[in-house]
Asks: 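Submitted below is the structure of interest, expressed as structure tokens.
These numbers were taken from a predicted model, which means no experiment stands behind them. Numbered from 1 within each chain, the chains take letters A, B, ... in sequence-line order.
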Amino acid sequence: MSPANFRELNDAQLAKLDDEKIIEYIRRARAAKRDDAVEVAARVLAFKHQVAVQGYVGSRMRRFGSITYDEVTEVALQDAIVAAVNFRGETLPEFGGLVYRIAGLRIADYHRKKRLDTTPLVFLSADGEVVWRDIPAPDSTDAVIASAIYKPVFRSCYEALNDRHKRVVVLRRFDDLSHKEVAAEINRQLPEGATDLMTDQNVAKIDSRFDECLQKGLDEAEGEPDHDG
Amino acid sequence: MADVKQLLREYIQRQEAGGDPDAAPFLERASEGDRAMLETLIDGYWMTRPPKRWDAEAAQGSLAARVASRVAETLATEQEEPAAAWATLRHRAKLSREQVVERLASALGVAGKEQKVHAYYHELENGWLDSERVSPSVFESLSQILGASADWLRGLGGPAPRAASPGISPSSVMARKAKPDPELAEGMASPPAGRPVPAEDEWDEVDELFRGG
């Protein structure tokens, strides 16, 4: 689409788009030199992820105070949006994964420097890998820094699941439902007449396989240095 | 030692009651063997949170609004012409060109040679310097002063002077020619001023930093 054909959307319309489409919209707005439209779309995207990223960052650096972890959250979200918009490779990494990878690097950098560096520090390689500009990768031999670096274990196990199985994991792990309750909840969302009902046994199997995947990932991560960054 | 499931449940309950997100006290209560699993599950709890529903009123003045403003500024700056981009960076850092030069000279250890640094900095802002020949320490110092990455600042300079042939800055061309080439002079926004063109025996550390390669 040429910049002249840029069609502006309002915040409510943007809120209905998925992350990838919002990023594409920001690219078009930027090409049309519509900074105001870029800002509205970036606000919608950041707002979607704000609470979760704040929680993730806060879980790892709350002890430094809420102002600090809010600042780290801000910079991480900013980095992630700019990196995604500037990405020129073929497959844009999923925005959720990207923002946590960058947040992990920002947290590690904070621990390393004992201050927040607001310099834009990351970009994406053509393969969608996060590249940490200018400074050496965080020292993964330092225990505090190593614990701050993003670990992809959960995300890689979770992203390998289909949507239904993802829902099972969330209900079972984080909403603390029993196998039976999870199965009922999943089946409740099926269209009438559906035959592929979830059973308690199915839930137990998905749950146990997910556990195995996490444990395997953690065992492997323990045996190798961190490469992220 | 409390088990992982119990600790995760307590952590989530605290979140849902509006508590703070610090995971450290919970991780400390886990056995060493369970700590990594608990940490991973706490990560997962945040990563799988449903996206926050759009609320225009709540978004006003929020963290997301601050992020958006900086994103728009960054993306706009990135597509500006170099001279405009440098000016935006200075404006954002609330520094005049003179203040940038003063700090740059100090950071590079060439205090007292501000006039020469100023002339080179002027060339850099106008895209007249071959940034490949500028020392990394110049961009690293500017990165700290202006709050932009050194790589990106180097990219702003471009691989070669815009108004001249590759690898040659207008001032260095003039140094070799008794009379400036009118074709070359055409299209220059303004010639770099204030820095005497160094003869070979006058080449100093400032020249080395900006043109040493």
Side-chain angles (χ1 to χ4, degrees), chain A residues 11-12 14-15 26 30 33 35-36 38-56 58-60 62-63 66 70 73-74 77-78 81-82 85-86 96 100 118-121 133-134 147 150-151 153-155 158 166 169-170 173-174 176 214-215 217-218 221-222, chain B residues 5 8-9 11-13 15 20-27 33 35-37 39-56 58-60 62-79 136 139-140 143-144 146-152:
Chain A
D11 57 348
L14 287 162
I26 294 175
R30 179 201 203 185
K33 297 194 184 300
D35 297 347
D36 53 338
V38 167
E39 187 166 344
V40 171
R43 193 184 311 147
V44 169
L45 183 58
F47 191 80
K48 272 174 85 175
H49 293 275
Q50 173 183 323
V51 170
V53 179
Q54 254 174 329
Y56 173 82
S59 74
R60 288 157 180 268
R62 176 68 180 88
R63 74 199 81 160
S66 58
D70 273 0
T73 303
E74 256 182 71
L77 278 165
Q78 180 197 347
I81 298 173
V82 170
V85 171
N86 281 334
Y100 291 108
T118 56
T119 310
L121 292 171
R133 286 196 215 216
D134 294 343
S147 77
Y150 166 73
K151 316 283 190 313
V153 175
F154 184 90
R155 203 148 192 110
Y158 185 74
K166 280 180 182 168
V169 166
V170 170
R173 299 299 165 123
F174 305 129
D176 200 28
L214 292 181
Q215 195 56 61
L218 289 171
E222 201 180 348
Chain B
K5 279 184 184 162
L8 179 66
R9 195 169 305 136
Y11 179 81
I12 293 171
Q13 278 167 355
Q15 290 316 303
D20 85 46
D22 190 1
F26 295 87
L27 295 172
R35 209 162 287 155
M37 179 61 89
E39 193 176 42
T40 294
L41 289 169
I42 290 174
D43 286 353
Y45 167 71
W46 290 110
M47 291 173 185
T48 57
R49 296 233 354 172
K52 198 173 175 189
R53 279 177 75 88
W54 175 244
D55 178 341
Q60 275 183 1
S62 67
L63 184 150
R66 294 194 295 277
V67 168
S69 159
R70 290 169 62 170
V71 165
E73 206 172 71
T74 305
L75 293 175
T77 308
E78 282 180 352
Q79 62 178 5
F139 292 108
E140 279 153 19
S143 164
Q144 294 301 318
L146 296 170
S149 94
D151 269 2
W152 184 64

Asks: Does B:Ala64 offer a backbone N or O that forms a donor-acceptor pair with the side chain of A:Gln50 under 3.5 Å?
Replies: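 Yes: the side chain of A:Gln50 pairs with the backbone of B:Ala64.
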Asks: Please identify, among B:Ala24, B:Ser69, B:Ala56, the residue contributing the most non-hydrogen atom pairs under 4.5 Å to chain A.
Replies: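 Of the candidates given, the most pairs with chain A belong to B:Ser69.
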Asks: For A:Tyr100 versus B:Trp46, what's the shortest heavy-atom pair and its separation?
Replies: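 Closest heavy-atom pair between A:Tyr100 and B:Trp46: OH-O, 3.6 Å.
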Asks: Against chain A, work out which of B:Ser62, B:Gly44, B:Ala72 has the most heavy-atom pairs shorter than 4.5 Å and name it.
Replies: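 The residue among B:Ser62, B:Gly44, B:Ala72 with the greatest pair count is B:Gly44.
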Asks: Looking at side-chain heavy atoms only, is the closest gap between A:Arg43 and B:Trp54 below 4.5 Å?
Replies: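 Yes, their side chains come closer than 4.5 Å.
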Asks: Which one wins on heavy-atom pair count under 4.5 Å against chain A: B:Ala65, B:Ala68, B:Pro50?
Replies: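 The residue among B:Ala65, B:Ala68, B:Pro50 with the greatest pair count is B:Ala68.
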Asks: A:Leu45 versus B:Val71: any side-chain heavy-atom pair under 4.5 Å?
Replies: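 Answer no - side chains too far apart.
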Asks: Under a 4.5 Å heavy-atom cutoff, which of B:Arg66, B:Arg49, B:Glu73 has the most pairs with chain A?
Replies: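 Heavy-atom pair counts peak at B:Arg66.
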Asks: Quick check for you: to the nearest 0.5 Å, what is the distance between B:Thr40 atom OG1 and A:Arg155 atom CZ?
Replies: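 Here the interatomic distance stands at 13.5 Å.
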Asks: Let me confirm one number: the CE-CG distance from B:Met37 to A:Leu218, rounded to the nearest 0.5 Å.
Replies: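 Atom-to-atom, B:Met37:CE and A:Leu218:CG are 5.0 Å apart.
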Asks: Pick one of side chain, backbone, both or neither for A:Val44, based on which atoms fall under 4.5 Å of a heavy atom in chain B.
Replies: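 For A:Val44, backbone and side chain are both near chain B.
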Asks: Please report the interatomic distance CG(A:Asn86) to CG(B:Leu75), rounded to the nearest 0.5 Å.
Replies: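 A:Asn86 CG to B:Leu75 CG: 6.0 Å, rounded to 0.5 Å.
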Asks: So do B:Val67 and A:Phe47 actually touch side chain to side chain, heavy atoms under 4.5 Å?
Replies: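 SC-SC contact between A:Phe47 and B:Val67 ruled out.
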Asks: Considering only heavy atoms, which portion of B:Phe26 lies under 4.5 Å from any heavy atom of chain A: side chain, backbone, both, or neither?
Replies: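 For B:Phe26, no heavy atom lies under 4.5 Å from chain A.
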Asks: Below 4.5 Å, heavy atoms only, C-beta onward: do A:Ser59 and B:Tyr11 meet side chain to side chain?
Replies: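 SC-SC contact between A:Ser59 and B:Tyr11 confirmed.
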Asks: Between A:His49 and B:Pro51, is there a side-chain heavy-atom distance shorter than 4.5 Å?
Replies: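 The answer is no; the side chains never approach within 4.5 Å.
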Asks: In terms of heavy-atom pairs under 4.5 Å, which option from A:Gln54, A:Lys48, A:Glu74 contacts chain B the most?
Replies: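 That would be A:Glu74.
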Asks: Going from CZ on A:Arg173 to NZ on B:Lys5, what distance comes out if it is rounded to the nearest 0.5 angstrom?
Replies: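 Result: 6.0 Å between the selected atoms.
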Asks: Do A:Leu77 and B:Leu63 come within less than 4.5 Å of each other through their side chains, counting heavy atoms only?
Replies: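 In short, these two side chains touch, coming nearer than 4.5 Å.
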Asks: Do the non-hydrogen side-chain atoms of B:Ile12 and A:Asp176 ever get within less than 4.5 Å of each other?
Replies: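 No, side chains not in contact.
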Asks: Examine whether an atom of B:Leu41 lies under 4.5 Å from a heavy atom of chain A, and if so say whether it belongs to the side chain, the backbone or both; otherwise answer neither.
Replies: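 Contact with chain A involves both backbone and side-chain atoms of B:Leu41.
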Asks: Do NZ/NE/NH1/NH2 and the carboxylate oxygens of A:Arg60 and B:Asp43 come within less than 4.0 Å?
Replies: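 Result for this pair is yes, salt bridge flagged.
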Asks: A:Tyr158 versus B:Met47: any side-chain heavy-atom pair under 4.5 Å?
Replies: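 Heavy-atom side-chain distance check fails, nothing below 4.5 Å.
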